[in-house]
Amino acid sequence: MGMRTMKRMPANAKIANRLFVAAAGLSASSPILFLLLITGIVLVQSIPALRWMGWHFLTGITWNMGSVYGAMTVKNGVTAPAGASYGALPFIVGTLASSAIALVIAIPISLGTAMILAYRVRGVVKSALSIVVELLAGVPSVVLGLWGVVVLAPWVSSALGPFLTHFGPAIPFLKGPVGTGMGLLTSGLVLALMVIPIITATTRDLLERVPLHYREGGVALGMTNWEVVRHICLPHIRDGMIGSIALGWGRAMGETMAVLMVSGSAVNMLPHNLYSPISTMAAVIADQLDSAMTDASHMAVHALSALALVLLMLTLLTNLAARLLVNRSRGSRRIDLGVRV
Amino acid sequence: MGKSIAVENLRAWYGDQLTLKGIDMELEANRATAIIGPSGCGKSTFIRCLNRLHETVPHSRVEGEIRLGDEDLYRMDPVDVRRVVGMVFQKANPFPMMSIFDNVALALRLNGIRRKRELFERVEKSLRMAALWDEVKDRLRDPATALSGGQQQRLCIARALAMEPDVLLMDEPTSALDPGSTLRVEELIEALKSSYTIVIVTHNMQQAARVADRTAFFLNGELIEYGDTATLFTKPADPRTEAYVTGRFG
Ligand SMILES: Nc1ncnc2c1ncn2[C@@H]1O[C@H](COP(=O)(O)OP(=O)(O)OP(=O)(O)O)[C@@H](O)[C@H]1O
Ligand SMILES: [Mg+2]
């Protein structure tokens, strides 16, 4: 009898455990609640603009508030100033193109840097280089934007752009004119600079965690350093890298200030070459919110909300796609072990 | 065909710690040589010098001379050295993200063997030599991690053999295996040693007696005694060797 009471869990331990489980559950579900709440608000705010434009919101090229101080018209049950048209295609294309360029540049550079950090340098050089990468992650985007305007854009306009136009005959998108340097390429470069530290830091950590005996296995077969990274380490870290690339991509698509400064703020046009002015969804939202407030019908604000909705969806989609890629590779081979609390 | 190895005054450091204190040793071609000695005496360090893996350790250092056949090992490109001096590790380390086939085929592909037929033949030959073929021939596309520990170790042997090395280094290849798998690996060594120079580190003296023609006893980074396996175990010249092989220390 005495032994049995000894073995029973004390009441306060039980209560504490219930509290812990409840609190953990609450904290765990709060990101989902947040996400739902934000999506919900943005969605509700977007509906009038989406009704006004229909599918043309995604395919239209003209973004125009109409005559804000003129007469109102009614279409599809919603009211907006006469001539209002919200076609987001140039901003969607601008966002996707600039972030894609950023990734194309950032992935190899990040991988190379991470490889060097993880496997080649040691001691002081390693910490110094790591600090530089971390500092780069901490540079405020407005500073990067300023640097983009003052240094990068002139360089693109006078050196990089003219050089790339030599490949115009092979790849028409690289044909000139190069213009002022404010545009797609410069945006992509600035974004790459913001994405590099994100991908580098994760990739370095992942590479460092590849078990030594696998790498030695490759080295002992007479593989070069690069072959070991390419054929043994990369398959190992693939899932994590996809995740960090998705993270970087999301960052690039959502970046506002720096892009606003160097994009050339194109309106009502699609980029026709690598140097064209562009605009991205995030930049347009930040740029136009002020003037959108002057629209008494609120349609301009709804349109910007719809833009935000598209951006949100694209970001979620990239993350979802990354997740799918990761899960597909995992298949059924691995079973997670652990204690469920 | 196997090549002989001549080691002269080999010294190896980890940081400031001198771990091999001047080893002189001739390893005969097409023979199996066992390295025995207590834990920490430098056996692994020694054979890791023979394929220049030691120098990949941070802050490590090597001095002395190693001749492979008539070439100076430390004048060769380390990548080339490792193509002719294969290694099998204590812990089986098949590449986990690859299939059984690709584990063996990878290094071949990197060496420019692209034609499917030739690749397949080389993989099959290596797996047969490693006495693994019959167990895996119907599941070559399965992940290597689906194999048992003993099979994984034989896969690693096949992987090393696929490169057709002159020398095969084995660092306690059976220490994590059950008696059955151990026996198969020992039979394998027996079969391979006519055409490879084999160096095997082992803590198992019966194993050394079974597979090795010659045996070397290491102690504290020094080569204490080296000779015919039978002689070393039955009539050791050095009292320290005797103490070790009779189990009085280590
Ligand atoms: N990576 C390393 N860094 C620093 N010291 C090391 C390292 N590897 C080995 N040593 C040291 O070098 C000495 C020899 O080690 P080694 O691994 O060659 O011994 P061993 O004879 O193979 O032992 P075991 O039978 O336990 O495998 C030991 O004192 C060990 O502590
Ligand atoms: Mg060892």
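Bear in mind the structure is a predicted one, so any value in this text is a computation, not a measurement. Note on naming: letters A, B, ... go to the chains in the order of the sequence lines (proteins, then strands), and numbering restarts at 1 for each one.
- Around the CZ atom of F163(A), the shell of radius 6.0 Å holds no more than 12 heavy atoms that belong to other residues, nucleotides or ligands.
- Counting only heavy atoms from C-beta outward, the side chains of F89(B) and E216(A) approach each other to under 4.5 Å.
- Neither the backbone nor the side chain of P165(B) comes within less than 4.5 Å of any heavy atom in chain A.
- With values rounded to the nearest 0.5 angstrom, N111(B) atom CG is found 8.0 Å from E227(A) atom CD.
- Residue V85(B) touches chain A through its backbone alone, counting heavy-atom pairs closer than 4.5 Å.
- Atom-to-atom distance recorded for Y214(A):OH and M97(B):CE is 9.5 Å, nearest 0.5 angstrom.
- Counting heavy-atom neighbours within 6.0 Å of R141(B) CZ, excluding the residue itself, gives a total above 12.
- Annotation: R122(A), atom CZ; neighbour count of heavy atoms from other residues, nucleotides and ligands within 6.0 Å is above 12.
- Separation of atoms CG (L221(A)) and CZ (R83(B)) is listed at 9.5 Å; rounding is to 0.5 Å.
- Put simply, the side chain of R215(A) does not reach to within 4.5 Å of the side chain of T56(B), judged on heavy atoms.
- Summarising the local packing, CG of D72(B) is surrounded by more than 12 heavy atoms from other residues, nucleotides or ligands at distances under 6.0 Å.
- A 6.0 Å sphere centred on CZ of R109(B) holds more than 12 heavy atoms belonging to other residues, nucleotides or ligands.
- Atom CZ of R139(B) has more than 12 neighbouring heavy atoms from other residues, nucleotides or ligands inside a 6.0 Å radius.
- Considering only heavy-atom pairs separated by less than 4.5 Å from chain A, the leading option among M163(B), R159(B), R52(B) is R159(B).
- For the options L169(B), V79(B), L53(B), L110(B), heavy-atom pairs under 4.5 Å to chain A are most numerous at L110(B).
- If you take NE2 on H213(A) and CD on Q90(B), they are separated by 11.5 Å, rounding to the nearest 0.5 Å.
- Within a 6.0 Å sphere centred on NZ of K125(B), heavy atoms belonging to other residues, nucleotides or ligands number 12 at most.
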